[in-house]
Amino acid sequence: MNLSDRQLKPNPDVIFTIVDDEAILLEQTTGKYYSLNQVGTRIWVLLEEYGQLEKIQELLLAEFEVEEEQLKEDLERLVSKLLENGLLT
Amino acid sequence: MTPEEHLLLLGANPYPNPAQIEQLHRLLHAPLDWSVIIAQADKHGISQLLFHTIQGIEGATLPDNAHHQLKQRFDRAIRQNLFLTAELIRVLQLLERAGITAVPFKGPVLAEQLYGNLALRVFLDLDILIHPKDKEQVKEILVRDGYTYFFHPDSAAQFVKKQPQIILEVHWEAISFGSDWLRKLKNKSLPTTLPHLSPRLRPTKLGGKNTTTLSPEDMLLILTMHGSKHWWSRLNWLSDIAAMLHVYPAIDWNWIIEQVNYWKIRRLVYLGLNLIHQFLDVKLPNLILDQVRTEPEIEKLSRQVESMFFIEQNFYTRYIKRPAYFRKLWDMEHDRRILYVDHLALYVELFGNLFKKQPASRK
């Protein structure tokens, strides 16, 4: 299934806090900590709220000055990493 | 006041005003003993807050060593607080599955509510409030979960897990009257059991999860009483009150005044408010300033607290100043007399011990 068709949501075992636009995440089952930069944090918050890449892409395009193709590529790369580390389901 | 102490008081306000930021900026250019500042900031639980405030001031810099030490504390606090918050959420879910209502308060909830994240407020233990009828069942569940139970005769039970250490305090009353002096006055104080507080519970977020906690008004009463009870010996308790007034500007002051008058806890509550006004430069509504002015003892109590902010406790402070402070805290003459008799008994015991023959040591 294509990533953009999937309904994504944060793994319930992940808790996080946002400090100065930077999210710090703790995956409780592994005890591993992760941090996201400002854009990554915005994406994390939107994933929590909407869970659909298409919607998130639309919102980010309105917020940041970025080419659509570039954004799509970056977004998919981050989401793949979050999935790979078990931070999203 | 030394420049170091001035800086600490400025750094204790989580939402400093422009004049305070300007003073901080100026102080940072003065010669400062950072070993004193960091030791006191640790003692007062404001190292993370101080670091964060200074980092946010344009053009402000810290000496390399101080920066390194404070940054280390800041990063450690985030990890530690996330870890403890995860445990708190797990315990809440564990109790919820058993049909027990448990409300988190203080610690991580205050960090999120008042400071916006889990980095700026240190907490060493986790606090939950349960219905008094659930005490035994909660104990069973937590012991089965691996916690060790420590008996607490008063209003809360302490549970501990080791490696890594977690201290969980299960309260059936949100305010603990742990010392013998105060326990006698407990029944005269504000009721803080879950049945009393639950009609005003509010939804909140904890580590990104939904939960409920106490209303800002209840929390304000509990925090001010808690701070007064502990002689406001840590500046971070004042930071919490200052943050509360900033985050909840629509606090229902009329309700607060009503409660404070009804339960005769004017001094206990208004002392904390007067302290943030005088030492953290937080504006109070005129309504409250008028109330504070009607209690002249609050000014004296504030001076006593101020004199103790940055000094180590000794015999004189512990046995002379502290009891006198506690007596003054109570609104009613009758209550002050109860404590006075208790304190006389304490002195008799102390003197008795001084003249008691020590058993000869074995050779």
Side-chain angles (χ1 to χ4, degrees), chain A residues 3 6-53 55-57 59-60 63 74-75 77-89, chain B residues 14 47-49 51-58 70-71 73-94 96-97 104 107-123 126 145 161 163-164 166 204-211:
Chain A
L3 264 186
R6 271 181 67 174
Q7 183 67 33
L8 300 156
K9 59 175 190 229
N11 177 347
D13 287 328
V14 172
I15 71 156
F16 68 95
T17 190
I18 299 173
V19 185
D20 299 333
D21 298 329
E22 199 179 294
I24 298 103
L25 287 67
L26 166 62
E27 208 285 317
Q28 295 174 63
T29 48
T30 60
K32 278 188 180 171
Y33 293 87
Y34 301 83
S35 68
L36 299 173
N37 65 16
Q38 193 182 353
V39 180
T41 299
R42 181 73 187 126
I43 294 170
W44 177 262
V45 170
L46 292 172
L47 276 165
E48 236 211 329
E49 199 169 343
Y50 301 102
Q52 270 188 330
L53 283 197
K55 174 77 181 166
I56 293 169
Q57 194 176 314
L59 289 164
L60 289 173
E63 273 179 47
D74 291 347
L75 191 55
R77 195 179 321 125
L78 176 70
V79 168
S80 301
K81 275 201 164 178
L82 293 172
L83 281 165
E84 203 179 298
N85 287 289
L87 301 170
L88 285 178
T89 55
Chain B
S47 300
Q48 294 74 7
L49 189 60
F51 177 68
H52 188 256
T53 302
I54 293 173
Q55 290 295 97
I57 300 175
E58 216 183 307
L70 288 170
K71 172 92 172 70
R73 283 160 170 75
F74 188 79
D75 292 341
R76 206 189 305 136
I78 298 177
R79 285 172 175 241
Q80 170 75 0
N81 289 356
L82 267 173
F83 165 75
L84 287 174
T85 305
E87 176 63 9
L88 177 61
I89 293 168
R90 194 188 67 79
V91 167
L92 290 172
Q93 288 168 348
L94 188 71
E96 193 185 352
R97 280 199 295 275
V109 188
L110 275 189
E112 292 243 18
Q113 277 187 315
L114 304 185
Y115 300 81
N117 60 57
L118 290 170
L120 303 184
R121 187 183 192 276
V122 280
F123 45 89
L126 302 168
D145 188 59
K161 256 187 189 175
Q163 288 174 340
I166 299 160
T204 190
K205 285 261 183 190
L206 186 60
K209 318 273 180 211
N210 295 319
T211 185

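Below, read A as the first sequence line, B as the second, and so on, with proteins coming before strands; counting in each chain starts at 1. When reading the values below, keep in mind they use all heavy atoms of this one structure, side chains included, and skip hydrogens, waters and symmetry mates. For clarity, every value in this text was computed on a predicted model and none was experimentally measured.
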Item to complete: Taking the side chain as every heavy atom from C-beta outward, state whether A:Leu59 and A:Arg42 have any pair of such atoms under 4.5 Å apart.
Response: no
Worksheet item: Are any of the side-chain heavy atoms of A:Ile18 and B:Asn117 separated by less than 4.5 Å?
Response: no
So for [X], is it side chain, backbone, both, or neither that comes closer than 4.5 Å to the heavy atoms of chain B?
X: A:Tyr33; result: side chain
X: A:Val14; result: backbone
X: A:Ile24; result: both

Item to complete: Considering only heavy atoms and a distance below 4.5 Å, find which of B:Gly116, B:Gly208, B:Ala86 pairs most often with chain A.
Response: B:Ala86
Fill in: B:His52 and B:Phe74 aromatic ring geometry - parallel, tilted or perpendicular at 30°/60° bounds
parallel
Worksheet item: Under 4.0 Å between a Lys/Arg side-chain N and an Asp/Glu carboxylate O for B:Arg90 and B:Glu87?
Response: yes
Practice prompt. Supply the atom-to-atom distance A:Gln28 CD to B:Phe83 CZ, rounded to the nearest 0.5 angstrom.
Written response: 10.0 Å
Item to complete: Go through the atoms of B:Ile89 and report whether side chain, backbone, both or neither lie under 4.5 Å from a heavy atom of chain A.
Response: side chain
